[in-house]
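Have a look at this one before I ask anything.
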Amino acid sequence: MARKSRSTTTAPPPSIWPRLLTLLAITTALLSALIYFLDSHLDWFYIFTPEQLHDLSLRAIKTHGNDTTSVVSYIVGELSEKLPGGYVNLDEEWIFNNAGGAMGAMYIIHASITEYLIIFGTAIGTEGHSGRHTADDYFHILKGTQTAYLPGAGSYEPEVYPQGSVHHLHRGTVKQYKMDEACFALEYARGWIPPMLGFGYADTFTSTLDFPTLWRTTWVTGREMVSNLLRGKL
């Protein structure tokens with residue numbers, strides 16, 4: 001009589017999901033701790049201060065008044081002397097900037113992971129949304145007047161920032177702002193800069209479709225950020 005073959009059952013392979021989830025949890029915890037630590041010590045990485053830039057802006061205005069070309073040259077020249085080694089971009093590369101419904105132009109003086117410094121403005125005026133950012137933003141008004149509005153109980157008048165003043169947009173806050181007629185500012189942001197780029201890119205995809213300008217913005221910003229990383233500047 002032929003033997004009956006025994007039925008063999010193969011045990012299912014052990015699931016890799018518990019190990020993957022554990023690894024993901026550990027990685028997330030480590031990255032969160034690192035980001036928290038770095039966020040608590042961002043001052044280690046800054047090479048500019050708002051006070052220094054305000055003083056420099058006032059001296060440039062006092063020396064050259066409404067000659068904005070000379071004001072910008074004065075600012076960039078002094079910064080390049082005090083920060084040699086390529087931290088200051090001396091090529092005056094002007095690029096259109098559409099963000100939050102406002103349109104102007106910018107010259108990127110410095111861009112890194114924790115800081116950017118630009119000349120931003122327009123010769124004909126603009127208005128829009130400030131964005132809600134992961135960095136403190138300081139507008140040092142070099143020419144013209146900027147106004148801003150933050151809604152709230154009893155808030156019916158604009159904030160007014162004339163030439164020589166500083167408009168500080170605190171990290172995580174948002175305002176409506178307007179630059180009447182010709183207005184230019186030395187704009188300084190300190191904090192986490194890469195998350196701010198999405199605000200600067202969004203209008204390209206939802207409105208302007210100006211991809212050549214998007215490419216120039218990406219190229220100049222990326223070039224400066226990578227160059228500064230290679231210098232050890234976060």
Side-chain angles (χ1 to χ4, degrees), residues 48-72 74-75 94-111 115-193 195-204 206-208 210 213 217:
F48 304 102
T49 68
E51 296 77 17
Q52 164 210 7
L53 295 173
H54 185 213
D55 175 70
L56 176 56
S57 298
L58 290 177
R59 286 188 285 109
I61 293 168
K62 183 177 180 180
T63 303
H64 297 289
N66 287 321
D67 181 358
T68 312
T69 299
S70 297
V71 168
V72 172
Y74 184 102
I75 290 170
W94 283 93
I95 308 169
F96 270 131
N97 177 259
N98 289 80
M103 182 174 184
M106 64 179 177
Y107 157 31
I108 299 174
I109 299 171
H110 173 88
E115 293 176 290
Y116 79 65
L117 185 66
I118 66 175
I119 302 294
F120 174 79
T122 172
I124 59 175
T126 192
E127 179 182 3
H129 190 291
S130 68
R132 194 181 298 275
H133 300 302
T134 52
D136 283 280
D137 204 325
Y138 300 83
F139 275 85
H140 302 265
I141 308 301
L142 304 178
K143 180 177 182 178
T145 300
Q146 183 187 77
T147 54
Y149 175 64
L150 180 64
S155 178
Y156 298 102
E157 300 296 330
E159 301 172 11
V160 181
Y161 300 96
Q163 184 183 45
S165 64
V166 182
H167 178 193
H168 180 193
L169 181 68
H170 292 270
R171 175 176 172 171
T173 61
V174 63
K175 294 180 183 180
Q176 177 188 9
Y177 79 96
K178 183 178 182 180
M179 303 174 90
D180 282 324
E181 299 179 347
C183 183
F184 288 88
L186 177 68
E187 182 183 353
Y188 171 55
R190 50 166 31 196
W192 294 110
I193 304 305
M196 300 177 68
L197 299 179
F199 176 72
Y201 287 169
D203 277 20
T204 298
T206 61
S207 177
T208 69
D210 184 3
T213 293
T217 302

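What you see is a predicted model, and the numbers here were worked out from it, not measured in a lab.
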At what distance, to the nearest 0.5 angstrom, does CD of Glu187 lie from CG of Leu117?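 If we round to the nearest 0.5 Å, Glu187:CD and Leu117:CG are 9.0 Å apart.
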Nearest 0.5 Å, please: how far is OH in Tyr161 from NE2 in His167?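 His167 NE2 to Tyr161 OH: 4.0 Å, rounded to 0.5 Å.
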Measure the spacing between NE2 of His129 and NZ of Lys175 and express it to the nearest 0.5 Å.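 The NZ atom of Lys175 is 12.5 Å from NE2 of His129, to the nearest 0.5 Å.
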Rounded to the nearest 0.5 Å, what's the gap from CG on Asp67 to NZ on Lys143? Could you check?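 Output value for this atom pair is 8.5 Å.
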Does the side chain of Val72 reach to within under 4.5 Å of the side chain of Tyr107, using non-hydrogen atoms?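 Heavy-atom side-chain distance check passes, below 4.5 Å.
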Polar side chain donor-acceptor pair, Asp137 to His168, under 3.5 angstrom: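 Asp137 vs His168: no donor-acceptor pair found between side chains.
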With a 6.0 Å cut-off on the ring centroids, do His133 and Phe199 count as close?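 Yes, close enough.
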Distance-only, no hydrogens or angles: does the Thr49 side chain make a donor-acceptor pair with backbone N or O of Gln52 under 3.5 Å?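 Side chain of Thr49 to backbone of Gln52, a donor-acceptor pair under 3.5 Å: yes, one is there.
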Are Thr145 and Gln163 close enough that some pair of their side-chain heavy atoms sits under 4.5 Å apart?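 In short, these two side chains do not touch, never coming nearer than 4.5 Å.
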Shortest non-hydrogen contact from Val174 to Leu150?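 Where Val174 meets Leu150 most closely, the heavy atoms are O-CD1, 3.2 Å.
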Does any donor atom in the side chain of Arg59 or Tyr74 lie under 3.5 Å from an acceptor atom in the other side chain?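 A pair is found: one side chain offers a donor N or O, the other an acceptor, under 3.5 Å apart.
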Do Ser57 and Leu142 touch side chain to side chain, with heavy atoms closer than 4.5 Å?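 Yes, their side chains come closer than 4.5 Å.
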Can you find a pair of side-chain heavy atoms, one from Ser155 and one from Tyr149, that are under 4.5 Å apart?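 Side-chain contact under 4.5 Å: yes.
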Closest non-hydrogen atom pair, Thr126 against Met103: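 The pair with the smallest heavy-atom distance is OG1-N, 2.8 Å.
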Between Thr217 and Phe96, which heavy-atom pair has the shortest distance, and what is it?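 Scanning both residues completely, I find the closest heavy atoms to be OG1-O, 4.2 Å.
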Could you tell me if the side chain of Asn97 sits less than 4.5 Å from the side chain of Phe120, heavy atoms only?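 Contact flag for Phe120/Asn97 side chains = yes.
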Is the shortest side-chain heavy-atom distance between Ile119 and Leu186 below 4.5 Å?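 In contact.
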Test your reading of the model: is there a side-chain donor-acceptor pair from His64 to the backbone of Thr69, 3.5 Å cut-off?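 No: the side chain of His64 does not pair with the backbone of Thr69.
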Determine whether Arg190 and Pro50 make a side-chain contact, defined as any pair of heavy atoms from C-beta on separated by less than 4.5 Å.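 The answer is yes, as the side chains (C-beta and beyond) meet within the 4.5 Å cut-off.
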With ring pair (Phe, Tyr, Trp, His ring centres under 6.0 Å) as the criterion, how do His110 and Tyr188 come out once you've worked through the C-alpha distance, each side chain's angles and the decisive distance to 0.1 Å? CA-CA 9 Å; His110 173 88; Tyr188 171 55; 8.7 Å; no
Any donor and acceptor pair, going by atom type alone, linking the side chain of Arg132 with main-chain N or O of Thr173 inside 3.5 Å?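 Side chain of Arg132 to backbone of Thr173, a donor-acceptor pair under 3.5 Å: no, none is there.
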Closest heavy-atom pair and its distance - Ala135, Ile193: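 Heavy atoms only, the tightest pair is CB-CD1, 4.2 Å.
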So, Glu159 versus Tyr177: side-chain donor-acceptor pair below 3.5 Å or not?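 There is no such pair (donor and acceptor under 3.5 Å, judged by atom type) between the side chains of Glu159 and Tyr177.
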Donor-acceptor under 3.5 Å (Ser207 side chain, Thr204 main chain):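 The answer is no, because no donor-acceptor pair under 3.5 Å joins these two groups.
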If you compare all heavy atoms of Ile141 against all heavy atoms of Ile61, which two are closest, and at what distance to 0.1 Å?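 Closest approach of Ile141 to Ile61, heavy atoms only: O-CD1, 3.6 Å.
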To the nearest 0.5 Å, tell me how far Leu58 CG sits from Leu53 CG.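 The distance works out to 11.0 Å.
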Would you give the length of the straight line joining atom OG1 of Thr206 to atom OH of Tyr201, rounded to the nearest 0.5 angstrom?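 Reported value, rounded in 0.5 Å steps: 14.5 Å.
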What closest approach, in Å, do Glu115 and Phe48 show between heavy atoms, and which atom pair accounts for it?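 Between these two residues, the closest heavy atoms are OE2-N, 3.1 Å.
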Residue pair Lys178, Gln146: steps toward the side chain to side chain contact (heavy atoms under 4.5 Å, CB included) verdict: CA-CA 6 Å; Lys178 183 178 182 180; Gln146 183 187 77; over 6 Å; no
In the structure I gave you, are the side-chain heavy atoms of Thr147 and Val160 within less than 4.5 Å of one another anywhere?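 Of all side-chain heavy-atom pairs linking Val160 with Thr147, at least one is under 4.5 Å.
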